There are 2 protein chains.
Amino acid sequence: MTQPATSKGEATRQHILEAALAAFRDRGFTNTTMRDIAKGAGMSLGAAYHYFDSKDAIVAAYYEWMQEEHERRYASAVEGGTVAARIKSILTTKLDLLRSDRKILVALFATLADPDHPLSLFGRGTSTVRDRSVDMFREAFDGSGLPEELESLAGYAAWMAHLGVMIYLIHDGSKAQKRTHLLADAVGDLFGFMVPVATVPPFSMFLDWAADLARQLGAPGS
Amino acid sequence: MTQPATSKGEATRQHILEAALAAFRDRGFTNTTMRDIAKGAGMSLGAAYHYFDSKDAIVAAYYEWMQEEHERRYASAVEGGTVAARIKSILTTKLDLLRSDRKILVALFATLADPDHPLSLFGRGTSTVRDRSVDMFREAFDGSGLPEELESLAGYAAWMAHLGVMIYLIHDGSKAQKRTHLLADAVGDLFGFMVPVATVPPFSMFLDWAADLARQLGAPGS
DNA sequence: GTCTATACCCGGATAGAC
DNA sequence: GTCTATCCGGGTATAGAC
């Protein structure tokens, strides 16, 4: 990725990004050409490629911006002290952030299963952003009394559940994405329920089993 | 999709499909061009397009063939009477079937999150194949004593878990996909465990909650 | 360093002659 | 049913203006 040195360049980059996102939201990712984006930003094709190496690089920049914005919004959201409230808040702020961006999400999830693609959500190219996202979920369990290893595992599990919520969001045709919000609340409740019963049989036996399995499996691609 | 009327046409179609799959397995989906496929099948580009409307249509044909072959193999596999054994058998026969085809799977999962794409695993274009696959899992619960509505739900849940297993398979670098087999066994055990405890508190409360949620959510896209 | 213009390659998809 | 020629868009390359 080209790194513009000047603040003017940075502004232009931002300008192109916004033109691209507007086009993606309007016509979808595949139906938007790089020539459209350049024209929308009022510049030549070559200039657009000067700032973004590829169309995917624009999505990558969006992904990074989205994660930063998500952290900002979550930080300023009134966050309850319970695990369930925190996870619901993480998911709800994200759903609000993505409300108009479902067509862009499609582009992000298109490479989910391609380990070699730089934009793959499980791949190396996205590890920085992914780690920050996983951390948000892991921190939701801070101070909950969950054993440390289980906390780390729960954070990763919640992050994966959050991927499922995003896929559901893309397909959700209900008004104001009501059903996805329902799902998000259920995910929060599920993880919130897990914490107090984590050490109580018979649930503890199930969690031990799951933790043991996760230990043997590792994260995808590892 | 073009439907060749003659048996000679059907043979040509099969011939192209095999050339395409060989190329996909060798070089991956994106690195294989339609010109490569046509050349591999010993014909011109236009001729190949006469049999398959698009590159994705080849993947769709593979998807259909794969489902049929999976049903054949599962039917002839020694299948234990327990739910766990059945689910493990469904997953294991599928993993065997896909052993060399992980690069093709990438193409199938690329449109997972795109509701409008004809190849989307949740979309309309794949509903026939999907329904048959979901049925395999639903039938694994037949005679288990699970209430009917829960059986249907469990079948769908198992099918979705199976999607997760396939994504894990794509990323699995372990020898002979050992780790994916571990995961598949765990999925079988999990659903097998569910059946006898489905009506026993506290598990029944959890399942009631999940069933109620699923009822409100519906399947993705519905 | 920022940007334009233009020509080009490659690969998916199409048109139309035969 | 098969071919050649062509279009279209992502992406590259280059020459040059400021």
Side-chain angles (χ1 to χ4, degrees), chain A residues 1-20 23-24 26-62 104 106-108 110-111 114 117-119, chain B residues 1-17 19-20 23-24 26-62 103-104 106-108 110-111 114 116-119 125:
Chain A
M1 181 109 56
T2 311
Q3 294 286 13
T6 72
S7 67
K8 186 187 171 198
E10 186 51 49
T12 306
R13 196 180 143 88
Q14 196 63 30
H15 179 61
I16 296 170
L17 179 57
E18 273 155 29
F24 292 160
D26 184 39
R27 301 188 284 279
F29 177 74
T30 40
N31 291 327
T32 301
T33 73
M34 281 299 282
R35 284 152 180 88
D36 290 339
I37 294 169
K39 184 178 276 185
M43 62 183 56
S44 73
L45 176 65
Y49 271 108
H50 178 71
Y51 288 95
F52 291 98
D53 287 349
S54 68
K55 207 173 156 184
D56 282 336
I58 298 178
V59 178
Y62 167 78
I104 308 178
V106 172
L108 248 179
T111 50
D114 186 351
H117 196 284
L119 212 56
Chain B
M1 182 109 53
T2 311
Q3 295 285 17
T6 73
S7 67
K8 187 189 169 200
E10 187 52 48
T12 308
R13 198 180 141 88
Q14 196 64 30
H15 179 60
I16 297 170
L17 179 58
F24 292 160
D26 182 41
R27 300 188 286 279
F29 178 74
T30 41
N31 291 327
T32 301
T33 73
M34 283 297 284
R35 285 156 179 88
D36 289 340
I37 294 169
K39 183 176 277 183
M43 62 183 57
S44 74
L45 177 64
Y49 270 105
H50 178 73
Y51 289 94
F52 291 97
D53 287 348
S54 67
K55 204 175 160 185
D56 282 334
I58 299 179
V59 178
Y62 167 77
K103 288 180 180 176
I104 307 179
V106 172
L108 248 180
T111 50
D114 186 351
D116 299 326
H117 197 284
L119 211 57

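Since the model is a prediction, treat every value here as computed from it, not as a measurement. So you know, we letter chains A, B, ... as the sequences are listed, proteins then strands, and number each from 1.
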I need the [X] [atom1] to [Y] [atom2] distance, nearest 0.5 Å.
| X | Y | atom1 | atom2 | result |
| --- | --- | --- | --- | --- |
| A/Asp114 | B/Lys103 | CG | NZ | 11.0 Å |
| A/Phe24 | A/Asp26 | CZ | CG | 12.0 Å |
| B/Leu119 | B/Tyr62 | CG | OH | 12.0 Å |

What residues in residues 29-48 of chain A put a non-hydrogen atom under 4.0 Å from any atom of DNA chain C?
->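 Hits under 4.0 Å, by residue number: A/Gly42, A/Met43, A/Ser44, A/Gly46, A/Ala47.
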Does [N] have OP1 or OP2 under 4.0 Å away from a side-chain N or O of [X]?
| X | N | value |
| --- | --- | --- |
| B/Thr12 | D/dG1 | no |
| A/Tyr49 | D/dG10 | no |
| A/His50 | C/dC3 | no |

Let me have the donor-acceptor pairs involving side chains of residues 34-42 of chain A, under 3.5 Å, with sequence neighbours excluded, atom names and distances please.
| residue | atom | partner | partner atom | Å |
| --- | --- | --- | --- | --- |
| A/Asp36 | OD1 | A/Thr33 | OG1 | 3.4 |
| A/Asp36 | OD2 | A/Thr33 | N | 3.1 |
| A/Asp36 | OD2 | A/Thr33 | OG1 | 3.3 |

Partners meeting side-chain contact (heavy atoms from CB on, under 4.5 Å) with [X] (sequence neighbours left out):
| X | value |
| --- | --- |
| A/Gln14 | A/Glu10, A/Leu17, A/Glu18 |
| A/Ala11 | none |
| A/Ser44 | A/Ala47 |
| B/Thr30 | none |

Can you tell me the distance, in whole Å, between the [atom1] atom of [X] and the [atom2] atom of [N]?
| X | N | atom1 | atom2 | answer |
| --- | --- | --- | --- | --- |
| A/Tyr51 | C/dT4 | OH | C1' | 13 Å |
| A/Glu10 | C/dG1 | CD | C1' | 14 Å |
| B/Asp53 | C/dA15 | CG | P | 12 Å |
| A/Ile16 | C/dT2 | CD1 | P | 11 Å |

Taking side chain as C-beta onward, heavy atoms only, is A/Phe29 less than 4.5 Å from A/Asp56?
->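 They are in side-chain contact.
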Student check: side-chain heavy atoms of A/His117 and B/Val106 closer than 4.5 Å =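 A side-chain contact under 4.5 Å is absent here.
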Under 3.5 Å, which protein N or O atoms sit close to an N or O of nucleotides 16-18 of chain D? Give each pair with its distance.
none

Nearest heavy-atom pair of A/Thr32 and A/Gly28: which atoms, and what distance?
->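 Smallest interatomic distance, heavy atoms only, reads OG1-O, 2.7 Å.
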Axis-to-axis angle between the two ends of the helix from C/dG1-D/dC18 to C/dC18-D/dG1 (five base pairs per end, rounded to 10 degrees) |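 About 10°, once rounded to a multiple of 10°.
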